[in-house]
Amino acid sequence: MIVFVSGAVRSGKSEIAEACAIRLAPVGRIHYIAAAPADDEEMAGRIRRHQERRAATAARWVVWEVPFSSRGLTASLRADDVVLLDCLTTWWAAELFVGDDWKTMKTADEAARRLLDEVRAWAGRCRAVVVVSNELFSGGVPDDEGTFRYMKTLGWLHQQLVAAAGAAAVVECGLLRVKKGRWPQ
């Protein structure tokens, strides 16, 4: 099962996704993909708060930091495990802007398909994959080539993941609004 959680930056989506993952993995491990690097003081503080929140739970967290081996993750998954990807927007940027993959629409599309296949492979090996992603489209799409390709392929990824998801929701001001399916209880 795939669960998709989106919302604006600092909307509370990570905390809601973590609670969802905990509910989905009562006996399994939660493989937490930490996609954001601590490249400034503000982000380091956010990461620290996420770590403290996870440490305060009884869940069995296995942390994978980007860059990580998707193959290694897939191979380590058990049927009762849950994967929590926080967040797709950051992971996609790290994957797309390595090398020249983003320079043509064809290579960006191929990279997006590889990433989607990885998420589907995880979902096929474990109980659930909870995907957190940011809503970036309310302000329109910028004209510069790289950002346009990033946002276009991210939008495609969102559509594909929501189509495959058993549940999809938006978080606004800390409030969950389920848009598809039944939210895992």
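Contact of the Val132 side chain with the Leu84 side chain is registered, since non-hydrogen atoms from C-beta on lie closer than 4.5 Å. Within the 4.5 Å cutoff, side-chain heavy atoms of Val170 are placed close to those of Lys179. You'll find the side chain of Ile33 stays beyond 4.5 Å of the side chain of Glu65, heavy atoms only. Counting heavy atoms from C-beta outward, Lys152 and Asp109 have side chains that stay 4.5 Å or more apart. At a threshold of 4.5 Å between non-hydrogen side-chain atoms, the residues Val5 and Val131 do not count as touching.
Under the 4.5 Å side-chain heavy-atom criterion for Ile, Leu, Val, Met, Phe, Trp and Tyr, Leu115 and Trp156 are members of the same hydrophobic cluster. Follow the hydrophobic side-chain contacts under 4.5 Å out from Leu161 and you reach Met151 in the same cluster. Both Val119 and Trp64 belong to a single network of hydrophobic side chains, linked directly or stepwise wherever heavy atoms of I, L, V, M, F, W or Y lie under 4.5 Å apart. Both Leu116 and Phe97 are part of a single hydrophobic cluster, where members link through side-chain heavy atoms under 4.5 Å apart. Criterion: ILVMFWY side-chain heavy atoms under 4.5 Å apart, direct or through other members. Under it, Val130 and Ile16 are part of a common hydrophobic cluster.
For Gln185 (side chain) and Trp183 (main-chain N/O), a donor-acceptor pair under 3.5 Å exists by modelled atom type. Formation of a donor-acceptor pair under 3.5 Å by the Thr147 side chain with backbone atoms of Asp144 is not found in this model. For Arg23 (side chain) and Pro184 (main-chain N/O), a donor-acceptor pair under 3.5 Å exists by modelled atom type. A donor-acceptor distance shorter than 3.5 angstrom exists from the side chain of Asp81 to the backbone of Arg29, with no hydrogens or angles considered. Judged purely by atom type and a 3.5 angstrom limit, Lys180 uses its side chain to pair as donor or acceptor with the backbone of Val162. Counting only distance, with no hydrogens or angles, the side chain of Arg127 and the backbone of Leu24 share a donor-acceptor pair below 3.5 Å.
Across every non-hydrogen atom of Val82 and Ala21, the tightest pair is CG1-CB, 4.0 Å. In terms of heavy-atom proximity, Ala123 sits nearest to Ile2 at CB-CG1, 3.9 Å. For Val63 against Arg54, the heavy-atom pair with the smallest separation is CG2-NH2, 4.0 Å. Nearest approach of Ala8 to Ser11, heavy atoms of both residues: O-OG, 2.9 Å. Contact detail for His31 and Ser76: the closest heavy-atom pair is CE1-OG, 3.7 Å. The minimum heavy-atom distance linking Val83 with Cys126 is given by the pair CG2-SG, 4.1 Å.
Heavy atoms from other residues, nucleotides or ligands lying under 6.0 Å from CD of Glu172 number more than 12. Counted within 6.0 Å of CD on Glu15, heavy atoms from surrounding residues, nucleotides or ligands total 12 or fewer; the atom is thus considered open.
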Do Val62 and Tyr32 pass the side chain to side chain contact (heavy atoms under 4.5 Å, CB included) test, and can you show the C-alpha distance, the side-chain angles, and the key distance before you say yes or no? CA-CA 6 Å; Val62 178; Tyr32 183 90; over 6 Å; no
Side chain to side chain contact (heavy atoms under 4.5 Å, CB included) for Trp61 and Ile22? Distances and angles first, verdict last. CA-CA 10 Å; Trp61 299 96; Ile22 290 168; 3.9 Å; yes
Walk me through whether Leu136 and Thr89 qualify under side chain to side chain contact (heavy atoms under 4.5 Å, CB included). CA-CA 9 Å; Leu136 303 177; Thr89 51; 4.1 Å; yes
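If you check the side chains of Glu118 and Ser70, you find a donor sitting under 3.5 Å from an acceptor. His158 and Ser6 are not linked by any side-chain donor-acceptor pair at a separation below 3.5 angstrom, with hydrogens and angles left out of the test.
Between Ile30 atom CD1 and Glu18 atom CD the span is 8.5 Å, to the nearest 0.5 Å. For the atom pair CG of Leu157 and OG1 of Thr153, the computed distance is 6.5 Å after rounding to the nearest 0.5 Å. Here Asn134 contributes atom CG and Leu88 contributes atom CG; the two are 9.0 Å apart, rounded to the nearest 0.5 Å. One distance of note links CZ of Arg120 with CZ of Arg113; it measures 9.5 Å at 0.5 Å rounding. Here the straight-line distance linking atom CZ of Arg114 with atom CD of Glu95 works out to 8.0 Å at 0.5 Å rounding. Atom CG of residue Asp117 and atom CD of residue Gln160 lie 10.5 Å apart, to the nearest 0.5 angstrom.
The aromatic rings of Trp92 and Tyr150 lie parallel to each other, their planes meeting at an angle below 30°, with 60° marking the opposite boundary. Classified by interplanar angle (parallel below 30°, tilted 30° to 60°, perpendicular above 60°), the ring pair Trp122/Trp91 is parallel.
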